[in-house]
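Okay, structure first, notes after.
Chain naming here is simple, since letters A, B, ... match the order of the sequence lines and numbering starts at 1 in each.
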Amino acid sequence: MNKIPHELALSGVYMPPSIVAFVIGVILAITVAKLLNRYKMSNYLYYPPIVFMALVVIFTVIAEQVIFLF
Amino acid sequence: MQKNRRFKEAFKWGLAFAMVYGIALKLSWMNPYWAGWAVAMIALPTTGQTMYKGLNRMVGTVIAFFASLFIFSMAAQDRWLFAFLGASWIVFTTYKMISSKNNSYLWYIAGFVCLIILISTPRTSENIFNHALFRTLETAMGILVYSLITFFIWPINNKGAIRKSAIELLEVQLSRIQEVNSLINGKQELDRLMELGQHNTQKMDQLNGFFIAEGSENYNVYEELPQWRNFLNISNALYVSQNRLETHIKELKNCDTYSILPMLSDFQNEIDDRFEQMKKVINNSTTIIQPTNYNFKIDQNLASKHSVFERAALEVSKQNLQQINDLSIDLFNCLTSLMNGSSKRIVSNKKLKHASKTMFAFPDLDILKRGLYAGTVTFLGFCLWIFFDPVGHIAWFSFGGTLAMMLAGTPQLKIAMVFKPIAVTFLLAMLVYIFIMPTLTTFYGLGILLFSCLFLVGYFFTGFGQVIGSAAIVNMVMIQNQQHYDAAVVFNLYLFTLLALLFFFATSYLISSARPEKVVLKYMNHFFVDIELICSHLLKSPNHKISLFKQWELDYARKNFRTIPSKINSWGRSIDFQLFPNVSPNEITNLVTTLETLVYRIEELNETEQLEEQNFILKESLLNDLNYWNAALERVFANWSKNPGAKIEERKLESFNDWSNKFESKVELSISNASTSASINEIEGVYKILGALRGVSEAVKLYSHNTQNMDWKQLKEERFS
């Protein structure tokens with residue numbers, strides 16, 4: 001894994017990998033939330049807003065790890 | 001808005017927008033888009049209030065100017081103190097923005113302009129001052145240009161709007177009285193009554209809006225405003241009395257009301273003339289007939305043939321009819337003195353009775369929470385900038401605060417719904433910046449472009465669409481005196497906007513914007529907890545003392561519970577009913593109406609407190625029974641605070657009916673025993689208390705009946721938004 005700080009270039013715009021990871025994290029969290037809603041699984045959660053925040057953090061961290069692989 | 005009018009307004013908007021850029025560029029002022037913002041914002045939806053809005057914007061900017069200089073002087077070297085002061089200012093301005101009825105725009109401007117000045121990355125004290133000064137100057141210029149354009153090109157003023165609106169309000173008030181008359185005559189028009197009640201509120205809001213619009217354009221009207229506000233206050237009191245009468249009159253279906261209240265028929269005939277006269281007074285007609293004052297009396301001989309509870313309902317209805325009579329005379333006198341140019345102020349005694357007196361003043365905790373939300377988001381935006389420095393950089397601090405204020409003002413707004421229009425309009429504005437702007441060589445070309453963009457937004461969009469459209473143009477088409485083009489910068493800005501919306505989507509959970517049904521349930525709980533507390537302090541002996549803290553709690557409950565039905569109404573409308581197929585919008589409307597009925601009944605009960613203390617009959621025999629009744633109601637409310645859909649058991653209802661039959665004969669006996677020693681006022685007092693308590697019981701039954709089919713379980717289901 002490359003630990004040297006670096007930026008991602010998207011169409012000439014340089015940005016920190018954490019932002020891209022955050023966007024991916026939010027999109028994945030929204031997708032999982034929609035699926036949990038659809039199959040009535042969210043009923044079993046104590047407080048979905050906190051779960052949503054936790055999902056965003058989990059997916060952001062995972063996405064960041066994956067981005068650093070490249 | 002008609003097509004012709006929309007064209008004119010969009011034309012003026014576009015022209016002012018192009019002109020302010022021209023002036024700011026010609027004079028080499030700092031950041032010309034500040035002037036553009038001023039025009040874009042003061043021309044937005046409430047076009048009738050342009051002058052007032054312009055004034056608010058100017059004053060708000062000046063306040064922001066001083067607030068930002070203060071923060072810079074205190075915390076220029078300490079970033080955390082800087083963020084804390086900035087966020088605290090946002091908490092304060094958001095609180096003022098939401099709680100202020102007429103100056104909310106002023107406080108919104110004072111909040112977000114302060115943040116914009118704070119992010120101006122100044123290097124010297126002079127630079128800080130210049131930033132603040134140019135912001136104020138360009139805002140003033142924007143307001144001046146737009147005001148001049150609206151004054152000279154197709155001017156629209158609000159002349160006569162207050163009088164027209166006052167006449168419309170009088171018409172609705174009269175229609176409500178006529179509908180009640182139909183109800184007394186046996187016609188069932190409950191839906192129509194509900195519709196007229198809503199219409200009445202709308203007309204009062206409209207009239208209040210015209211006070212601002214016309215009052216800011218015409219000095220004579222401005223001078224008359226205190227009198228007009230008095231007219232509105234009396235109308236408000238009349239509105240409450242009419243609501244109360246409407247809820248009681250339904251219970252008199254077995255009574256020959258016209259015989260028992262002999263003056264009712266004359267009053268009904270006269271009230272039409274009274275309102276017609278008032279309309280004539282507003283139109284400056286000279287043939288004015290003074291209204292007749294009625295003093296309603298119950299024919300006790302006829303009334304005694306009815307049950308105690310029907311007599312109690314008659315007593316309360318009489319009281320409300322008397323209030324309607326007195327308030328409509330106050331309205332008449334207020335209008336007469338207003339049109340005669342007299343400065344004498346008609347103060348209605350009746351209207352004061354409706355305002356429950358409280359010992360303490362309270363901040364509104366809901367509004368405070370929304371203010372804290374806006375402050376927290378501003379602070380979080382600052383932290384994002386400091387720790388991650390994403391695209392947008394310091395704009396997370398200012399843009400975060402600005403959007404959080406908007407969301408705190410309209411918490412029912414769903415971020416997910418505005419995401420698509422913002423993404424599309426900002427993208428279009430970005431394309432204008434990349435493909436059209438580099439081809440322009442003179443200001444004429446730029447002016448035409450700016451005019452066209454704003455004209456199209458003004459003509460084709462409405463409401464919130466106009467806000468988004470104009471924000472897209474001002475932000476994405478970054479015009480400077482030394483213009484250079486950089487696609488990466490504008491792409492960064494676009495990305496920042498989308499990221500900021502995601503950030504807001506996540507933080508909107510803090511004020512439950514995404515889950516309105518949970519807010520409705522929370523308010524239901526607060527409502528019944530408040531009512532339970534109020535009831536627990538009613539019908540106590542005069543020696544009953546409570547601690548200062550309990551008094552504070554009680555005062556807060558008395559103030560709070562009356563605001564809850566309207567809050568449930570606004571949150572209930574934003575529930576996504578597709579997610580809750582077993583709950584319908586009609587059920588929410590029914591729920592709100594039922595809660596409002598409960599509010600009126602509890603207030604009536606509250607007002608009988610003084611009667612209890614002075615009443616000889618009650619002290620002697622009935623107080624214990626009334627307390628038993630009250631305690632039963634308390635238990636019902638306690639149960640509903642935990643579960644708003646809980647049904648009252650049939651067994652309990654039956655035993656309550658048995659008890660009330662026995663109680664009825666006990667009351668008859670007590671009154672006949674006391675009739676020689678007690679005064680008529682004392683006997684009437686007993687009926688008033690009985691009527692009020694019975695009114696609450698009826699409202700409880702109505703609530704139980706109206707909400708028993710609602711699927712509360714589904715509303716309680718946990719889900720992601």
Side-chain angles (χ1 to χ4, degrees), chain A, chain B residues 373 380 383-393 396 415-416 419 423 430 434 485-519 522 576 578-581 713-721:
Chain A
M1 194 185 295
N2 184 7
K3 288 282 183 189
I4 301 166
H6 61 279
E7 285 181 316
L8 291 176
L10 293 179
S11 306
V13 181
Y14 286 90
M15 59 183 73
S18 349
I19 293 304
V20 182
F22 174 71
V23 173
I24 295 171
V26 171
I27 293 169
L28 285 175
I30 291 172
T31 313
V32 171
K34 294 262 178 213
L35 286 172
L36 288 172
N37 264 354
R38 186 171 176 180
Y39 295 107
K40 298 267 176 193
M41 303 283 277
S42 47
N43 238 341
Y44 298 101
L45 302 172
Y46 177 70
Y47 191 59
I50 296 282
V51 178
F52 180 77
M53 292 290 185
L55 285 175
V56 171
V57 173
I58 291 166
F59 286 128
T60 304
V61 171
I62 293 173
E64 198 163 3
Q65 294 299 314
V66 173
I67 288 168
F68 272 117
L69 287 178
F70 299 102
Chain B
Y373 159 76
L380 281 177
C383 292
L384 263 176
W385 170 52
I386 293 289
F387 292 119
F388 299 101
D389 196 19
V391 279
H393 311 288
W396 283 93
I415 298 290
F419 193 87
M430 188 169 78
I434 294 172
Y485 297 96
D486 189 341
V489 171
V490 83
F491 185 60
N492 261 333
L493 191 60
Y494 185 62
L495 198 64
F496 160 66
T497 311
L498 298 186
L499 282 175
L501 285 174
L502 279 179
F503 172 65
F504 274 94
F505 175 70
T507 56
S508 68
Y509 276 104
L510 289 174
I511 47 169
S512 304
S513 284
R515 307 196 314 161
E517 73 284 355
K518 296 292 175 288
V519 186
K522 184 188 78 180
D576 184 352
Q578 281 180 337
L579 289 169
F580 303 97
K713 207 175 156 196
Q714 193 173 59
L715 280 181
K716 282 181 189 169
E717 276 178 11
E718 289 294 346
R719 65 164 186 91
F720 295 97
S721 65

Under 4.5 Å heavy-atom distance to chain B, tell me which part of Y44(A) shows up: side chain, backbone, both or neither.
neither
Minimum heavy-atom separation for F720(B) to N37(A), with atom names?
O-ND2, 2.8 Å
Around atom NZ of K34(A), are there more than 12 heavy atoms of other residues, nucleotides or ligands at under 6.0 Å?
no
Calculate, to the nearest 0.5 Å, the distance between atoms CG and CD belonging to L45(A) and E717(B) respectively.
12.0 Å
May I ask you to check whether over 12 heavy atoms, not counting those of F388(B), lie within 6.0 Å of atom CZ?
no
Where P48(A) and R515(B) come nearest, the two heavy atoms and their spacing:
CD-NH1, 3.7 Å
Need one label for I27(A): side chain, backbone, both or neither, based on atoms under 4.5 Å from any heavy atom in chain B.
neither
Rounded distance [0.5 Å steps], OH in Y47(A) versus NZ in K518(B):
10.0 Å
Kindly compute the distance separating CD (E718(B)) from CE (M41(A)), expressed to the nearest 0.5 Å.
15.0 Å
